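Before any comments, here is the structure.
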Amino acid sequence: MEPEKPSTPCIKVCAVSGQTGLCIGCGRTLAEIAGWGRMSEAERLALMEVLPDRLSGLAAG
């Protein structure tokens, strides 16, 4: 049986906005992207819950 892959919001559109510091694809900061592998699954899921609001802010902004 294969181990379960960790959750990720990545949609393979990786570009960080110079204005906001957020990835335009997933809404994470560079620090969050870099630390993703060290986060627990619970931490990842909690962060993923706030990303839609961040992305909405990018679209509106």
Side-chain angles (χ1 to χ4, degrees):
M1 185 150 70
E2 284 186 45
E4 194 170 315
K5 292 182 181 181
S7 299
T8 180
C10 183
I11 60 168
K12 310 287 192 252
V13 177
C14 305
V16 176
S17 167
Q19 293 177 325
T20 65
L22 299 175
C23 174
I24 64 170
C26 69
R28 293 180 290 173
T29 65
L30 286 175
E32 290 165 344
I33 293 168
W36 197 255
R38 293 184 301 276
M39 289 182 180
S40 68
E41 183 66 5
E43 290 170 320
R44 289 185 193 117
L45 293 173
L47 180 54
M48 287 172 59
E49 283 194 27
V50 301
L51 295 178
D53 289 337
R54 285 188 191 175
L55 289 172
S56 293
L58 283 177

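The shown structure was predicted, so the numbers you read here are calculated from the model rather than taken from an experiment.
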Shortest non-hydrogen separation from C10 to C14 and the atoms involved: SG-SG, 4.1 Å
Which atom names give the shortest non-hydrogen contact between S7 and M48, and what distance separates them? CB-SD, 3.8 Å
Nearest heavy-atom contact between W36 and P9 is CZ2-CD, 3.4 Å
With no hydrogens and no angle check, is any side-chain donor or acceptor of R44 less than 3.5 Å from a backbone partner on T8? no
Which pair of non-hydrogen atoms, one from S17 and one from I24, has the smallest distance, and what is that distance? CB-CG2, 4.2 Å
Could you give the distance from CE (M39) to CG (L47), rounded to the nearest 0.5 Å? 5.0 Å
V16: hydrophobic cluster co-members (side-chain, 4.5 Å): L30
Heavy atoms of I33 and C23 approach each other most closely as CD1-CB, 4.1 Å
Residues in side chain to side chain contact (heavy atoms under 4.5 Å, CB included) with L22, at least two apart? T20, T29, R54, L58
Going by the side-chain contact (heavy atoms from CB on, under 4.5 Å) test, name the single residue among E41, E49, E43 that passes it with L45. E41
